[in-house]
Every structure is written in structure tokens, then in C-alpha cells.
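Notes follow the structure.
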Amino acid sequence: MPRSNVLTPQAVDFPQWYQDVVAKAELAEGGPARGTMVIRPYGYAIWERMQGELDARIKAAGARNAYFPVFIPESYFRREAEHVEGFSPELAVVTHGGGKKLEEPLVVRPTSETIIDSFFAKWVQSYRDLPLLINQWANVVRWEMRPRLFLRGTEFLWQEGHTAHATEEEAHRYALRILTDVYQDFMVEVLGVPVMTGRKTERERFAGAKTTWAAESMMRDGKALQMGTSHELGQGFAEAFGISFSDESGRQSFCWQTSWGASTRLMGALVMAHGDDLGLRLPPRIAPVQVVVLAVRAEDGAGEAATRIAESLAKAGHRVELDTRTDLSWGRRVVGWEIRGVPVRLEVGPRDLSEGKAVLCRRDCNSKTPVSLDQVEAEVAKALEESQEALLGEAREALEARTAKVASLEEAEEAAQSGFALLPGAALASERAAAGQGEARLNEAGVTVRVLQRPDGSLPGADEELTSLVAVVARSY
RNA sequence: CGGGGAGUAGCGCAGAUGGUAGCGCACCUGCUUUGGGAGCAGGAGGCCGCGGGUUCAAGUCCCGCCUCCCCGACCA
């Protein structure tokens, strides 16, 4: 029997491949209203693992979870000029409730700076109340005209952190701590997705922020995806909402703030950073099912052996699923697990059992190796560890191979057709003298500056001049 | 909002000049299979987007409406 293609190959049509995987792996499907999404159990299980890993890191960074309302009085939005200007095109506004027209329309939160800050103003009185570090897990609504499952939708799930600090320096350090210790660490260590961190340009900055920091990754088609952002808000919101405190000497000052978020878009990144023509490839640390044990058939002791193996692996601490659906065809079962990206598959059948073996299949490299039954536990543990590393390594190699150093806008445009371009800030700034002109030209070509970094790839200072930095240029999702 | 399409079974589609609504996948039942999306046989499933009109007769022709999708300016 030949392996049949259930998915559109990536090389044929990458966006179609993505849609196929999301559908066939039963991650999500579209809701009845445009831009809405139903996250199916398997997709949600992955999201729950992301939440758990991120939440632990957020708490390690000192923030605590809370919850604020989904409805925000419209007037709150108007208090910060740049914020309202940036968000008004994508707001959903409730004008009626209980059958009556509302006195004041309510905005369905697109982000929660305004509502949270109005409470920060009450909670913060003294320097002793600082820093105030809050996170919330919530859904947000931003009207979208061109939705794509997980990547861009009218409603999506995320976590948004909001903090208030006594000094600019402290807020700066915290924003970067979140970027590296929470986001980057999670993305690299758990998702196995290498990221390029850096500062956003003025043009790409969050509406109302002083500086926006971001982690960008490369998908398998060479396009960039913003995985998470961390903003230094300065004192703009604090002034608008009156978040002030008296310091040790009794002087009143406005707080310095940060906000940061990562969303269900990470699901899309996970799919597109690792997936191949056979479907998803999940790194073991994020996989809801790490090992699936398949009984080839129910008879000849295979069913019992599979059950026994599954139990021992579960006892060893792995997330295991036992598949004894011998009424289904073999190919269907295998392909189903493959599409779902389960890292390790153990095939238990009479043929191998008679030799005291089972077949261990790794999804990352699609290898098949017979292993002795008494070695199964050790071999599975080893395979999971290696698979995690291999996926990260493969993604790193792809990122490096498709990242080109360029010297001009033309070269950057060219290189961005297949990957990332590293363009000296000087080349970007010098273009037609006026600042931002070079970036505008890139944008016209469908290419954007993803982040600014130092030449060695490290994070630049908040005010470090463009001319001394390097722009990571790419097409993006 | 400008340009281009499409609404028929859960999904994907076909239905020349009007005449009993079909195909593939999926689903149900049975038998045979079972180490890479199995085979055979049988079966269930429809307000043909909505409203009007023409006609003996409309998925098909005419008018109106609605919705969705694709391509161009912002965003996690």
C-alpha cells in the first residue's frame, strides 16, 4: 500500500497545507461568525499546555493572575490619545443591552490597559504598593477582515500582563525580563522554536507604548511570525488614568508601566515552524500525547502487551495514549497519529512480539526502530529527549540557512522573498535622507522590519540609534 | 469601501436547450480484511441561500434581497 497524501504538500501550496493540517489534526475550525474560531479538544489540549508552561514562567517572574471585565466603557479608551487612535478601527462596540440603548457604549476589550489601569490607580498609593505585577488569561476581540485560524481572528485567547513600577529603569528591566525569561525561554525550550528578539520600529510599535519589544520566529515557508510582544508604556497611561504614588520622601510621581502578551497565534507558529508533509510534528515538551502505543491487532497477545507497555510508560511519567482500535484499518490509525504530530509511536504486533520486540517510530525524523521490550522504557525516554532537541536543531538550521546579510533595500526585498534579511540600520535610515522612508519602501514591497537588533544579535537599548543597529527584514504573517 | 466569483447531503462538487436531485469522501449495517488512510454488498441522509415572478412544470429562466469566499489600505 502506498502512503496516500492526505495533506496538500507544503511545496505545492503552503497556506493550503496549513489549513489542511489544522482541519485534519482536528485543532480548530471556523465559527459561524466571520473571524471566530472553534478550538477543538486536541487543539485546546495543546493550548492548555502552552498556558501551563507560560503561566509557570509568568509567576516565576513575580506576576499574579487576576481577571478584569470584558466590557469597557468607551470613554476609557479615549483617555490615551494614541491608544484610541490605534485601536478604534478594530473595536467591537456594544450599543444595546437589555433591549435598551446604552447611555454609554461598551467596548469589547481588544486589550485591557484602560480597564486595568483604572484599577491600578485605586490600588497604587505608595511606593510600598510597587511594583504591581498582574497577569490575566482572557479572550479579546479585534475586528478582522482577513481572518486565518489561530493566526489572525476577530476573537482570540491570550495572556496579557500589566505592571506598574516606581522607576523607568525598573519597568525597562521587567519588560525585557518577560521577553527573555518568559517568552523566549518558553518558545525555545518548550516549543522548540528559535526566535529573534529585538526592538520594534516606530511604525510597528504598540499604540500607546514608548517601546515595543518582540520575539519573532521563522515559519517553514520563510515568513516571519510575531510570537509575543513586551511593551514599555512609559508614563502615558499612568498620567491618563492617574496612577501615582508617593515615594519615600513623600513626593508624588506617576508610575512607569509595562504590558505584554502572547496569544493562540502561538498555535499557528507551532504548526508552521515544525510541520511537514505528513502533518504536525510536536516537540515532546508541548505534546499532549507524547507516546501512543498501537496494538496492531487484538489477538496473539498484542492487545495485552500494548496495554502493559502503555501502563508502564505512563507510570514512568510520560503522557501516553493506548490505541487498540483494531476495527479500524491500520493505515488510518497510523496516519491519524502522524497528522496529530505525536512524537513517539510504539507499534506492538505479533510479528515483533515473537522476537520480544516492538517498533519505535519517531515523528520528528520518521524513523522506525525495533526495540527489545525490556528496553522500551529507556528507548522511549531517549527518543523523546532527542526528538525535542532535533526539532529545535532543525528549526535553527532552517532559520540560519534562510537568513541573509544584505547591504541595500533592494537586496533586502529580494532576500525576504525566501527568508529573513539582515539589513544594516544605516542602509535603512540613509534612504532618501528622511527617517522611516526606507521602511516605507520595504512595506510597499510587502516586506516589513520585524525587529531591530545589535549587529551581534543582542537586544539594543531603548534609545539606541537605528544607524548602529541591524534590521531583521521579512515577509510576515 | 473598490474589483472578481460562489451559494445544491456533514465536507468537496456535478447538474447542456426547464421534465422523478446526482457523484466522491465521510456516516450506518453485514461479511471479508487488518504491519501505512482496505474490499464487497446493502442503507440512511436534501426548504437546491431567502422572497417574489414566468410556466402544465423551476436547482435550471426573470426580478429583488441576503450571505459567504478570493484580490487591494491596519493588526497578536
Side-chain angles (χ1 to χ4, degrees), chain A residues 1-7 15-16 19-20 23-24 29-35 37 83 85-91 109-112 138-148 150-160 183 200 203-207 212 214-217 224-231 259-269 278-279 294-300 302-303 306 324-340 345-354 357-359 361 366 368 370 440 443-444 446 448 450 476-477:
Chain A
M1 283 283 172
R3 305 166 79 111
S4 67
N5 248 343
V6 277
L7 304 170
Q16 187 59 49
Q19 286 187 282
D20 288 354
K24 301 267 180 149
E29 53 194 85
R34 182 186 182 73
M37 170 172 60
H83 192 60
E85 191 189 330
F87 275 102
S88 43
E90 41 188 333
L91 293 184
R109 67 174 163 229
T111 179
S112 302
N139 60 336
V140 282
V141 168
R142 298 179 187 180
W143 219 254
E144 275 300 341
M145 286 165 284
R146 301 173 56 60
R148 303 192 55 185
F150 290 121
L151 300 176
R152 189 196 283 142
T154 287
E155 181 192 10
F156 57 91
L157 307 183
W158 76 346
Q159 101 356 257
E160 51 177 324
Y183 293 151
K200 283 288 186 182
R203 182 178 287 258
E204 303 274 332
R205 211 189 56 220
F206 175 74
T212 290
E216 297 274 337
S217 62
L225 184 69
Q226 183 170 301
M227 305 268 286
T229 50
S230 185
H231 316 289
S259 71
W260 25 279
S263 72
T264 37
R265 170 177 275 190
L266 288 169
M267 293 287 294
L278 300 180
L294 287 110
V296 173
R297 59 176 64 192
E299 308 81 27
D300 306 321
T324 54
R325 301 169 299 169
T326 48
D327 52 330
L328 287 182
S329 78
W330 174 251
R332 174 168 297 271
R333 296 164 67 200
V334 169
V335 168
W337 293 113
E338 233 164 33
I339 289 178
R340 284 167 182 74
R345 195 170 72 240
L346 270 177
E347 301 180 352
V348 181
R351 214 158 62 201
D352 300 306
L353 277 179
S354 66
K357 292 182 174 171
V359 176
C361 311
N366 295 311
K368 285 187 169 193
N443 291 175
E444 279 167 29
T448 51
R450 305 314 303 160
S476 72
Y477 280 98

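Chain A is the first sequence line, chain B the second, and so forth, proteins listed ahead of strands; every chain is numbered from 1. Remember, it's a predicted structure, so these values are computed and weren't measured experimentally.
Evaluation of atom-type donor-acceptor distances gives a pair under 3.5 Å for the side chain of A:Lys368 against the base of B:G36. Looking at A:Arg345, its side chain comes within 3.5 Å of the base of B:G36 through a donor and an acceptor atom.
Computed from coordinates, the A:Ile339 CD1 to B:G36 P distance equals 16 Å when rounded to whole Å. Atom CZ of A:Arg351 is separated from atom P of B:U34 by 12 Å (rounded to the nearest Å). The CE atom of A:Met145 sits 12 Å away from the P atom of B:C1 (whole-angstrom rounding). Note: CZ (A:Arg205) to P (B:C74) measures 16 Å, nearest angstrom. In this structure, A:Trp330 places its CH2 atom 19 Å from P of B:U33, rounding to the nearest Å. If you take CG of A:Asp20 and P of B:G12, they are 12 Å apart, rounded to a whole angstrom. Between the P atom of B:A73 and the CD atom of A:Glu90 lies a distance of 16 Å, rounded to the nearest Å. With rounding to whole Å, A:Met227 atom CE is found 12 Å from B:A76 atom C1'.
A:Val140 comes within 4.0 angstrom of nothing in the nucleic acid, heavy atoms only. Counting any heavy atom pair closer than 4.0 Å across all strands shown, A:Gly349 reaches a base atom. Among the protein residues, A:Leu266 comes within range of no part of the nucleic acid, since none of its heavy atoms lies under 4.0 Å from any strand. A:Arg152 comes within contact range of at least one nucleobase, with a heavy-atom separation under 4.0 Å. Base contact: A:Asp352 has a heavy atom under 4.0 Å from a base atom.
Residue A:Arg297 places its side chain closer to B:U34 than to any other of B:U34, B:A76, B:G72. The A:Ser329 side chain lies nearest to B:A38 when the options are B:A38, B:C69, B:A76.
Figure legend: cation-pi geometry between A:Arg142 and A:Trp158, with NZ or CZ positioned under 6.0 Å from the six-membered ring centre and within 45° of its axis.
At a cut-off of 3.5 Å, with distance as the only test, a side-chain donor of A:His231 or A:Thr212 sits close to an acceptor on the other residue. Checked by atom type, the side-chain pair A:Glu144/A:Thr154 shows no donor-acceptor distance below 3.5 Å. One side chain, A:Thr448 or A:Arg450, offers a donor N or O that lies under 3.5 Å from an acceptor on the other.
The pairing partner recorded for B:A76 is none, the criterion being a Watson-Crick or G-U wobble arrangement whose two distances lie under 3.5 angstrom.
Distance noted for atom C1' between B:G30 and B:G15: 33 Å (whole Å).
Remark: side-chain polar atoms of A:Tyr183 are paired, donor with acceptor, to backbone N or O of A:Gly261 under 3.5 angstrom.
You'll find the ring centres of A:Phe206 and A:Phe87 inside the 6.0 Å limit.
The pair A:Glu216-A:Lys200 counts as a salt bridge, with a side-chain nitrogen and a carboxylate oxygen less than 4.0 angstrom apart.
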Letter per nucleotide, 5' to 3', of nucleotides 5-11 of chain B [B base touched, S only sugar-phosphate touched, - untouched; heavy atoms, 4.0 Å]: -------
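Ring-to-base geometry places A:Phe156 in a stacked arrangement with B:A76 (centre distance under 5.5 Å, plane angle under 30°).
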